Visitor: 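I have a structure I would like to understand better, so I am pasting it below and will then ask my questions one at a time.
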2 protein chains.
Amino acid sequence: MYLDERKIKILKAIIKDYILTGEPVGSRTISKKYELGVSSATIRNEMSDLEDWGFIIQPHTSAGRIPSDKGYRLYVDKLMEYETIEDKGLKLFERILEQKINQIDELMKEVAKLLSSFTNYTSMVSSPHIKKTKLKHLQLIPLDTRSVMLIIVTDANIVTNNVIRMDIPADYDTLNVLSNMLNESLKGLTIEEINLPLIQKLKVKMGIYGEIVSSILDAIDHTIQMKDTPEIYLSGTMNILNFPEFEDLVKAKQLFHTLEEKELLASLLAKVTTDGIKVTIGEENEIDEMKHCSIVTASYDIDGKTVGTIGVIGPTRMEYSKAVSVLSYISKNLDKLLRKIADG
Amino acid sequence: MYLDERKIKILKAIIKDYILTGEPVGSRTISKKYELGVSSATIRNEMSDLEDWGFIIQPHTSAGRIPSDKGYRLYVDKLMEYETIEDKGLKLFERILEQKINQIDELMKEVAKLLSSFTNYTSMVSSPHIKKTKLKHLQLIPLDTRSVMLIIVTDANIVTNNVIRMDIPADYDTLNVLSNMLNESLKGLTIEEINLPLIQKLKVKMGIYGEIVSSILDAIDHTIQMKDTPEIYLSGTMNILNFPEFEDLVKAKQLFHTLEEKELLASLLAKVTTDGIKVTIGEENEIDEMKHCSIVTASYDIDGKTVGTIGVIGPTRMEYSKAVSVLSYISKNLDKLLRKIADG
DNA sequence: AGTTAGCACTCGAGACAACAGAGTGCTAAC
DNA sequence: GTTAGCACTCTGTTGTCTCGAGTGCTAACT
């Protein structure tokens, strides 16, 4: 098996045409539309080879060929040309910045929207993983004699709060002193560094406040545990219905069902630890309902640390070049947006 | 036009059967399945009257009848029997409470999920309208020399935060004193009572702190304005695809598109000012894409004050009795859940 | 040896007719 | 006022046919 120049050209033509039209592409189409200087009969011979090697598939005897997952994989890895979207992208980003967004969740929603409207696929955005972000401030606020609200502010001003139910009442001043002490000890640490051993040490150190400290520290730990799975924002879910491959409602419904399982998506996005772009094509997906889909994901950073993931999901017949370009651009620039909302 | 006992019974039978099967119901079906003691010919005569008066419709000459919007309206207003769901409902609520939810948004999501999975329709839940809730605590936290985070805690421990960019640097102690003063003046007021005139008065009163107070008060006002449209949580969107009336993908897509316009839904839900349940059937809907749908909504309270809305959306062929019963039950009991998370 | 023209063959999509079934409206009898 | 009977209408399904796109193979060409 040797893929010479001409076979590559033919494969590329098939994939491009199929991505464009969604129809199986025949030898005559290629010889007419793409200038290869050979007749359809020659192309037929070459296609026969490409099929033997598993890069293309014939849905039925008298139809044209469509790319296989293996074909797409080769295309994505070696053949595809990337688009540059600097200028277009900038305009879109400006549009987001014009709106007065100053909550992280609003921003993530907006990014998801942007992503889906620009690619016409379904987009997924995971919010920054709080464990990887650094503690900026911690504050205890008394609500009534029995309950205290714990507020944690981290990088990019991500705010979490939790009500702590106290066994011993604590007054405003005590809580203030405690807030200060905790801030001094913990500020600048990433949330995942504030683990049980460290908390145990603090408990000993702050002996005077005894039990109050104890229950508060437990609550801190609890809050952190709770926020372990990041929020997932979806947008353009129904874009899927625009693709003929999901005309079969049963298939579409299955996929929708899967998309509603946020935990599943979270674990899927969490796997993107690698820097850069990851493309998962059809059968490569671990989730059965997604074996007809391709997923393109990219991770994004805060302060140079990977904290979250963005991605799109569409049919295997996806405009990979576009998806990759858009994701790459947005993931590279997302930290700027995050800093922007952090600065108010 | 006079609807005697028998016509009512026949209309009810048609509606019930159609809601159940989704198929036009014929005279023979009724005479067989529902014991009215008359033959199909008699029922045919009666049906002819009901059609003349607009309660039922014949899709084509040789088909059975289906209820019209007018028919459903009569059914909902006068004929329908309500279900009691006390026991079932309680179990579902317990299930929610078992999970450790202590954020309002988690709760609302969970309620939406519950609603959609229990009714099999698409559910909408609007989060408590912050303007109607009372201020419980307000806190200013210094982030760095130039920015301060404003945290507002209201009823049911709904927390909002916003970063304020300061022209004049303010130190920790100053902010603390300010927090205390503002708390004293504003605590217990509903957020909508904290309006510009009141803020102006405060500016004068706190003359000593001059410009710092001024920019903080502006930020408070800004934060409140920003949070004006409540969050909308949807669940079970794709349930719509289960109904044969949305087999036509174009119709379904239109509806999905409408459902993604959160602002539209927000304004739709905001209209439910009336206490109790509101049923909007087919053509009664103002939004074109929803003229094939029915919407059932109910408002819910915090501390006896209406603060939000829950609802379901489905085909006009909806199990109104179930929808109404479920919504009524949940809306009546939602404040208990809200209180529960408020108490930690 | 590689390329091309020609041709028989296959398969799917669409058009069309025939048919069965459900349901109605009307009439005449009870 | 109710019912049985019957002719009529409309839809959905099934089977048959044709058309067109596309292939694979063979034989001829460069």
Side-chain angles (χ1 to χ4, degrees), chain A residues 1-11 13-15 17-18 20-68 71 244-245 247-248, chain B residues 1-11 13-15 17-18 20-68 71 244-245 247-248:
Chain A
M1 165 179 142
Y2 170 66
L3 280 170
D4 59 20
E5 187 86 3
R6 194 171 68 189
K7 282 201 172 62
I8 296 280
K9 269 189 185 162
I10 291 175
L11 181 57
I14 293 173
I15 294 179
D17 205 78
Y18 185 64
L20 200 70
T21 65
E23 300 288 315
V25 9
S27 54
R28 232 179 94 77
T29 313
I30 293 179
S31 79
K32 265 194 304 181
K33 270 174 62 175
Y34 302 83
E35 285 142 27
L36 296 174
V38 288
S39 77
S40 63
T42 310
I43 292 173
R44 273 206 289 284
N45 291 331
E46 300 284 55
M47 280 165 97
S48 179
D49 286 349
L50 287 170
E51 187 174 5
D52 286 347
W53 300 340
F55 294 112
I56 53 179
I57 292 169
Q58 201 171 14
H60 57 262
T61 326
S62 73
R65 306 302 213 292
I66 61 174
S68 67
E245 26 272 274
E247 252 183 10
D248 178 10
Chain B
M1 165 178 141
Y2 171 66
L3 281 170
D4 59 18
E5 189 85 3
R6 195 170 65 188
K7 282 200 173 62
I8 295 280
K9 269 188 186 164
I10 291 174
L11 181 57
I14 292 173
I15 293 178
D17 204 78
Y18 185 65
L20 201 69
T21 65
E23 298 290 317
V25 7
S27 53
R28 231 179 95 75
T29 313
I30 293 180
S31 80
K32 264 194 304 179
K33 269 173 64 175
Y34 302 83
E35 284 141 26
L36 296 175
V38 287
S39 79
S40 64
T42 310
I43 292 173
R44 274 206 288 284
N45 291 330
E46 300 284 54
M47 280 165 98
S48 179
D49 286 349
L50 287 171
E51 188 173 5
D52 286 345
W53 300 339
F55 294 112
I56 53 180
I57 291 169
Q58 202 171 13
H60 58 262
T61 327
S62 72
R65 305 304 212 291
I66 62 174
S68 67
E245 26 272 273
E247 251 182 11
D248 178 12

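Note that the coordinates shown come from a computational prediction; the quantities given were computed from them, not determined experimentally. Chain letters run A, B, ... following the sequence lines, proteins first and then strands; every chain starts at 1.
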Visitor: Among C:dT4, D:dG24, D:dT3, which nucleotide sits nearest the side chain of A:Asn45?
Guide: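 For the A:Asn45 side chain, the nearest candidate turns out to be C:dT4.
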Visitor: Which whole-number value in Å describes the distance from B:Glu51 CD to C:dT24 C1'?
Guide: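 Computing the B:Glu51:CD to C:dT24:C1' distance gives 10 Å.
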Visitor: Applying the Watson-Crick and G-U wobble criteria at under 3.5 Å, what pairs with C:dA29? Answer none if nothing qualifies.
Guide: D:dT2
Visitor: Does the structure show a Watson-Crick or G-U wobble partner for C:dT24, both distances under 3.5 Å? Name it, or say none.
Guide: D:dA7
Visitor: Are A:Ser27 and D:dT23 close enough that a side-chain N or O sits under 4.0 Å from OP1 or OP2?
Guide: yes
Visitor: From the set D:dT3, C:dT24, D:dT23, return the single nucleotide nearest to any side-chain atom of A:Met47.
Guide: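 Of the options given, the side chain of A:Met47 lies nearest D:dT23.
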Visitor: What's the closest nucleotide to the side chain of A:Ser62 if the choices are D:dT9, D:dA21, C:dT24?
Guide: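 Nearest to the side-chain atoms of A:Ser62, counting from C-beta on, is D:dA21.
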Visitor: Counting only distance, no hydrogens or angles, is the base of D:dC10 paired donor-acceptor with the side chain of B:Thr61 under 3.5 Å?
Guide: no
Visitor: Between C:dT24 and B:Arg28, is there an OP1 or OP2 to side-chain N/O distance shorter than 4.0 Å?
Guide: no
Visitor: Rounding to an integer number of Å, can you tell me how far A:Glu46 CD sits from D:dG22 C1'?
Guide: 18 Å
Visitor: If you count heavy atoms of other groups shown closer than 6.0 angstrom to NZ of B:Lys9, is the number above 12?
Guide: no
Visitor: Among A:Ser39, A:Ser27, A:Ser31, which residue meets the side chain to side chain donor-acceptor pair (under 3.5 Å) test with A:Arg44?
Guide: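 Answer after filtering A:Ser39, A:Ser27, A:Ser31: A:Ser27.
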Visitor: Let me know the distance between NE2 of B:His60 and C1' of D:dT11, rounded to the nearest Å.
Guide: 6 Å
Visitor: Does C:dT4 have OP1 or OP2 sitting under 4.0 Å from an N or O in the side chain of A:Ser39?
Guide: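 Looking at the OP1 and OP2 atoms of C:dT4, one of them is under 4.0 Å from a side-chain N or O of A:Ser39.
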Visitor: Counting heavy atoms from C-beta on, name the nucleotide in D:dG24, C:dT4, C:dG25 closest to the side chain of A:Gln58.
Guide: D:dG24
